[in-house]
Visitor: 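One structure, as structure tokens, below. Some questions next.
This structure is a prediction, so every number in the text was calculated from the model and none was measured. In what follows, chains are A, B, ... by sequence order, proteins preceding strands, each numbered from 1.
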Amino acid sequence: MPIRFIRKPQNELEKGGRQSAPPVSADENEPSTACPNCRKQIPLSQIWGNFHCCTSCGHHFRMNARQRINFIADSDSFIETDSGLVSRDFMSFPGYRQKLDTTIKSGGENEAVICGEASIGGVRCGLFVMEPYFMMGSMGTAVGERITRLFEYMTAKRLPVVGYTVSGGARMQEGILSLMQMAKTSAAVARHSAAGLFYLVVLTDPTTGGVTASFAMEGDIILAEPGAVIGFAGARVIEQTTRKKLPQGFQTAEFCLDHGFVDAIVPRSSQKQAVASLLRFHTGGAVTNEHEQ
Amino acid sequence: MSNKTAYDKVRLARANNRPTGKDYIDAMFDGFFELHGDRRYGDDPAIVAGLAKLMDMPVTVIAIEKGRSARERAFRNFGAPNPEGYRKALRLMRQAEKFKRPVVCFVDTSGAYCGIGAEERGQGQAIAENLMTMMTLKTPVISVLVGEGGSGGALALAVADRVWILENAVYSVISPEGCASILWKDASRAAEAAASLKLTSEDILSFGVADKIIPEKELGKGDFYLGLKTMLYEELSGLKVLPLESLLEARFARFRRLGTEGLLET
Ligand SMILES: [Zn+2]
């Protein structure tokens, strides 16, 4: 299975051409965005047509959870579970109710994770995908419960679980019970694992805090997207605590690979193949490089 | 119920004159033999662990130690464990499982250490592995929150059959200062944040996160330790005779229900 750190440009055109000016799209009015990595203006349609990656440097743009599901699950195979399970402001935490309301109105999702059952490359599995645009994927009681239930459903059905993490950590507005979701999800992962079932997790940018310290690091196989920030403590907190300058590339997917905490970095261009192959490997089939539909 | 504010309790939980982890070991256990190292990288002085007798019962005891003098506090990293501390604890818990010894943990930390080396050596992975393993550890575990219960760094030693909390100890997902600076960009509003976070022992008990509050009457004195020692002994004696399956099922159920009451299902 081809595993590369970033998608290398195939030719001069992919690098953005020889001209120093930003590439001009056919339609002058076509919306474009500046790549935060190479700083080139890239038309949005090109990014969307390239797995939400920069066509110039391969930078992986953030995807929302529905885009992820469309990307990884076989078409029309996804059946969502517990979509109506949401957090209540049970501690009357200052500003939380309003924050939930505006987040739900602006993004369309009602919680920071979407769970369900899907096929990936023809293999049935549980799938959870965290939502960066819902309070930065923070884990409250609803996120913990949805993920726990997914592992329980899949344990009962004897199916593997594929998870995509993106999270700023535990949701402080739900206090200590958010913290307890780390223990609860870990318990569910442990039972699924004890039943001999496969759990594959893909860490995406950013995966931090309580999610890193629980189900993100509990996969049988842990993949990561190129350049993703992955860590426990926030970089700023570490800087303040240690009063040291952080090394280059600190807490990136590549840093985690170097230090032995992820199995492989897989860019989106080959990610569906990789996930499908690993799923098949654990259902008795062989790992292949067959192209997935 | 006391009339102290939540932030008063945070200050009490952090107070330098409070008993530290080693005080509990020395006062309540006999013949403590300290065991060092995670067999992977090093030994973390922020966690003190080893073998001891609780009356006639052999146990493995694990305590986060903040230190008291300036020098010792620096040596103990102010009770902020590195990954090797959690891995030492895990190693000794597995050893306890092998020899069918109960485990007693004393938790007192502002949180897992936020350092460069801690990240390089997988702080998140170390905590995650403790959560998963403690959930299925085949021996009774009691964790006592004796001071600060700082987030994942505390939880990594508090997945247990019984979780007890001292009257003026606190347990929180984030420090009040951290919460205030994220929420209001103003760490000086920590007292307000502390009240909102519901981190006092009464709150923790009411959420079902702790099973019992240990009164602090005579804290650090003979009767206090004798009372706690008796409670630990009786509780462990009860847990030890449970069939392993019921013990583990109850531990799972204890954590499984947390947070479900606050949910809405539409
Ligand atoms: Zn770029």
Side-chain angles (χ1 to χ4, degrees), chain A residues 82 84-88 90-95 140-142 144-145 148 170-172 174-184 186-191 193-194 208-210 212-218 230-234 237-238 240-242 244 246-247 250-251 255-256 259-261, chain B residues 80 83 111-116 118-136 149 151-156 158-159 171-174 178-179 182-184 192-193 196-199 203-204 207-209 251-252 255-266:
Chain A
D82 297 308
L85 189 72
V86 295
S87 285
R88 234 164 20 92
F90 60 87
M91 301 201 323
S92 304
F93 196 93
T141 53
E145 182 68 17
T148 299
R171 191 175 298 170
M172 63 182 176
E174 294 186 29
I176 195 70
L177 289 175
S178 293
L179 188 73
M180 292 303 127
Q181 303 312 302
M182 292 167 63
K184 190 167 98 180
S186 297
V189 175
R191 290 199 155 191
S193 181
T208 61
T212 297
S214 61
F215 57 85
M217 284 291 158
E218 294 167 348
I230 301 160
F232 175 65
V237 177
I238 297 172
Q240 285 164 0
T241 307
T242 60
K244 280 185 190 141
L246 302 179
F250 184 64
Q251 290 186 319
F255 170 93
C256 290
H259 289 91
F261 292 99
Chain B
Y113 187 55
C114 299
I116 295 170
E119 296 291 318
E120 286 171 339
R121 300 191 296 278
Q123 189 72 281
Q125 188 275 338
I127 295 171
E129 190 169 4
N130 277 27
L131 303 185
M132 233 174 140
T133 308
M134 291 180 81
M135 198 58 81
T136 52
S151 194
L155 180 63
V159 175
Y171 198 8
S172 183
V173 65
I174 187 170
C179 176
I182 293 172
L183 214 57
W184 302 302
E192 236 175 300
S196 301
L197 283 166
K198 304 219 186 298
L199 45 63
D203 295 322
I204 298 308
F207 288 131
V209 170
R251 189 187 304 157
F252 175 81
F255 286 89
R256 178 64 188 84
R257 66 181 149 75
L258 292 177
T260 47
E261 279 169 27
L263 295 169
L264 269 182
E265 209 155 2
T266 54

Visitor: Identify which of B:Thr133, B:Leu183, B:Ile174 forms the greatest number of heavy-atom pairs closer than 4.5 Å to chain A.
Guide: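 The candidate making the most pairs under 4.5 Å is B:Leu183.
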
Visitor: Picking from A:Gln240, A:Arg88, A:Met217, which has the most non-hydrogen pairs under 4.5 angstrom with chain B?
Guide: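 When all of A:Gln240, A:Arg88, A:Met217 are compared, A:Arg88 has the most.
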
Visitor: So that I can tick it off, tell me whether B:Arg257 and A:Glu145 are bridged by a salt bridge, with the cut-off set at under 4.0 angstrom between side-chain N and carboxylate O.
Guide: no

Visitor: Among A:Val237, A:Thr212, A:Thr242, A:Ile176, single out the residue with the greatest number of heavy-atom pairs under 4.5 Å to chain B.
Guide: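 Of A:Val237, A:Thr212, A:Thr242, A:Ile176, A:Ile176 has the most heavy-atom pairs under 4.5 Å with chain B.
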
Visitor: So which of A:Ala194, A:Ala190, A:Gly140 has the largest heavy-atom pair count under 4.5 angstrom toward chain B?
Guide: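 Option with the greatest count: A:Ala190.
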
Visitor: Tell me whether A:Ser186 contacts the main-chain N or O of A:Ser214 through its side chain, where contact means a donor paired with an acceptor under 3.5 Å.
Guide: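 Checked: no pair found.
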
Visitor: Side chain, backbone, both or neither: which part of A:Phe232 has a non-hydrogen atom closer than 4.5 Å to chain B?
Guide: both

Visitor: Below 4.5 Å from any heavy atom of chain B, which atoms of A:Gln181 appear? Answer side chain, backbone, both or neither.
Guide: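 Contact with chain B is through the side chain of A:Gln181 alone.
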
Visitor: Has B:Gln123 got a side-chain atom pairing as donor or acceptor with B:Cys114's backbone, closer than 3.5 angstrom?
Guide: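 Such a contact is absent between B:Gln123 side chain and B:Cys114 backbone.
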
Visitor: In terms of heavy-atom proximity below 4.5 Å to chain A, should B:Ser151 be classed as side chain, backbone, both, or neither?
Guide: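 Both backbone and side chain.
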
Visitor: Pick whichever of B:Met135, B:Arg251, B:Met134, B:Met132 has the most heavy-atom pairs under 4.5 Å with chain A.
Guide: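 It is B:Met132.
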
Visitor: Taking every heavy-atom pair that is under 4.5 Å apart, which of B:Ala118, B:Ser196, B:Gly124 has the most such pairs with chain A?
Guide: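 Ranked by heavy-atom pairs under 4.5 Å with chain A, first place is B:Gly124.
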
Visitor: Under a 3.5 Å distance rule, please check whether B:Glu120 uses its side chain to pair with a backbone N or O of A:His259 as donor and acceptor.
Guide: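 No, because the side chain of B:Glu120 does not come within donor-acceptor range (under 3.5 Å) of the backbone of A:His259.
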
Visitor: Quick check on A:Leu177 against chain B: is it the side chain, the backbone, both or neither that has a heavy atom closer than 4.5 Å?
Guide: side chain

Visitor: Looking at chain A, which one of B:Ile116, B:Asp203, B:Leu197 has the largest number of heavy-atom pairs inside 4.5 Å, strictly under?
Guide: B:Ile116

Visitor: Start with the C-alpha distance between A:Ser193 and A:Glu218, add both sets of side-chain angles, then the distance that settles side-chain contact (heavy atoms from CB on, under 4.5 Å), and finish with yes or no.
Guide: CA-CA 10 Å; A:Ser193 181; A:Glu218 294 167 348; over 6 Å; no

Visitor: Below 4.5 Å from any heavy atom of chain A, which atoms of B:Leu263 appear? Answer side chain, backbone, both or neither.
Guide: both

Visitor: Among A:Ala183, A:Ala142, A:Pro247, who wins on heavy-atom pairs under 4.5 Å with chain B?
Guide: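 Looking at each of A:Ala183, A:Ala142, A:Pro247 in turn, A:Ala183 comes out on top.
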
Visitor: Counting heavy-atom pairs under 4.5 Å with chain A, which one of B:Ile182, B:Val173, B:Ile204 comes out on top?
Guide: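 Top option by heavy-atom pairs under 4.5 Å: B:Val173.
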
Visitor: Would you check if the side chain of B:Arg256 reaches a backbone N or O of A:Ala187 as a donor-acceptor pair within less than 3.5 Å?
Guide: no

Visitor: side-chain contact (heavy atoms from CB on, under 4.5 Å), that's the test. Do A:Phe261 and A:Ile230 meet it? Break it down for me.
Guide: CA-CA 10 Å; A:Phe261 292 99; A:Ile230 301 160; over 6 Å; no

Visitor: Considering only heavy atoms, which portion of B:Arg121 lies under 4.5 Å from any heavy atom of chain A: side chain, backbone, both, or neither?
Guide: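 The backbone, not the side chain.
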
Visitor: Whether the side chain of B:Glu261 engages the backbone of B:Phe207 through a donor-acceptor N/O pair (distance < 3.5 Å, no angle test) should be reported.
Guide: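 Not a single qualifying donor-acceptor pair exists.
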
Visitor: Counting heavy-atom pairs under 4.5 Å to chain B, which of A:Ala170, A:Pro94, A:Cys256, A:Ser92 comes out on top?
Guide: A:Pro94

Visitor: Could you walk me through whether A:Phe90 and B:Lys198 pass side-chain contact (heavy atoms from CB on, under 4.5 Å), step by step?
Guide: CA-CA 11 Å; A:Phe90 60 87; B:Lys198 304 219 186 298; over 6 Å; no

Visitor: Would you check, one step at a time, whether the test side-chain contact (heavy atoms from CB on, under 4.5 Å) holds for A:Gln251 with A:Ile238?
Guide: CA-CA 11 Å; A:Gln251 290 186 319; A:Ile238 297 172; 3.7 Å; yes

